[in-house]
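Everything below concerns the one structure shown next.
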Amino acid sequence: MRWLLVPITLALAACGQSLSPSAHLDPDVAPVTSGSWYKPAVATLWQIQLSGTINTGYAVDVYDVDLFDTPAAVFTTLHGASKKILCYFSAGSAEDWRDDYSDFLSTSLGKDLEGWPGEKWVDVRSQNVLDVTLARLDKAVSRGCDGVDPDNVNGYTNDTGFSLTATDQ
């Protein structure tokens with residue numbers, strides 16, 4: 001499994017962890033050296049589609065799709081066409097429509113995200129949030145994601161209900 005360096009680093013930073021180029025999440029997977037990381041070129045074409053039926057027919061190099069909702073067949077189709085897949089998930093909030101929402105402790109849940117009913121900011125400093133986030137990264141590995149797209153990693157700039165700092169986030 002090769003991960004996009006920037007997205008995975010952001011995801012781990014959001015949960016208080018760091019990732020060196022030789023680090024890996026699964027002890028049964030050999031570490032990836034810095035020279036073998038997939039790094040998209042500046043002119044790389046992307047398609048971001050987080051809902052609905054994924055249109056796999058675009059002439060792009062990378063698809064950004066929802067970690068939870070994208071059918072396995074889409075992964076098969078895109079990888080069969082040599083496309084890279086980023087998997088979107090929220091690293092700074094909890095969405096009550098996700099199957100892991102009940103894994104968040106009530107003490108980890110903050111204020112509602114404005115404009116997003118059913119979604120709450122999380123306390124990114126908590127071990128509970130770290131555990132859920134790491135499980136999401138494991139899910140990304142098991143689903144075949146080539147990288148992740150962690151969202152809502154700007155809690156420190158919002159009224160989350162927690163006193164978060166940029167360092168915390």
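Along the sequence shown, residues carry numbers from 1. Heavy atoms only: backbone and side chains are in, while hydrogens, waters and symmetry mates are out.
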### Summary
Value for CD1 (Ile85) from CG (Leu67), rounded to nearest 0.5 Å, stands at 11.5 Å
### Task
Calculate, to the nearest 0.5 Å, the distance between atoms CG and CG belonging to Asp123 and Asp168 respectively.
8.0 Å
### Task
Assess the side chains of Thr77 and Thr56: does a donor N or O sit below 3.5 Å from an acceptor N or O?
no
### Query
Is any side-chain heavy atom of Trp46 closer than 4.5 Å to a side-chain heavy atom of Pro40?
yes
### Query
Are the side chain of Tyr58 and the backbone N or O of Leu45 linked by a donor-acceptor pair below 3.5 Å?
no
### Message
Within the 3.5 Å criterion, strictly below it, is a donor on Ser90 or Asn152 matched to an acceptor on the partner's side chain?
### Response
yes
### Contact summary for Gln169 and Val153, nearest pair of heavy atoms
CG-O, 2.6 Å
### Query
Does Asp66 pair with Arg98 as a salt bridge, N-O distance under 4.0 Å?
yes
#### Entry: Minimum side-chain heavy-atom gap Lys111-Thr160 below 4.5 Å
no
### Task
Taking all non-hydrogen atoms of both residues into account, name the closest pair between Val124 and Gly92 and its distance.
CG1-CA, 4.3 Å
### Message
Test side-chain contact (heavy atoms from CB on, under 4.5 Å) on Cys87 and Phe68; report intermediate values, then the result.
### Response
CA-CA 8 Å; Cys87 292; Phe68 292 90; over 6 Å; no
### Query
Side chains of Arg125 and Leu164: closer than 4.5 Å at any heavy-atom pair?
yes
#### Entry: Ser93 to Phe104 - nearest heavy-atom pair and separation
O-CZ, 4.4 Å
### Message
Is any side-chain heavy atom of Phe89 closer than 4.5 Å to one of Thr133?
### Response
yes
### Value rounded to 0.5 Å, distance of NZ in Lys84 from NE2 in His79
7.0 Å
#### Entry: Interatomic distance, Glu119 atom CD to Asp151 atom CG [nearest 0.5 angstrom]
7.5 Å
### Message
If we ignore hydrogens and angles and just use 3.5 Å, is the side chain of Gln49 paired with the main-chain N or O of Ser51 as donor and acceptor?
### Response
yes
## Note on the structure
The reported gap from OG1 in Thr70 to OH in Tyr88 (rounded to nearest 0.5 angstrom) is 12.0 Å
### Task
Taking all heavy atoms of Asn55 and all of Tyr63, pick out the closest pair and write down the distance.
O-CE2, 3.2 Å
### Interatomic distance, Asp69 atom CG to Ile54 atom CD1 [nearest 0.5 angstrom]
9.0 Å
### Query
Between Asp64 and Asp149, which heavy-atom pair has the shortest distance, and what is it?
OD2-OD2, 2.5 Å
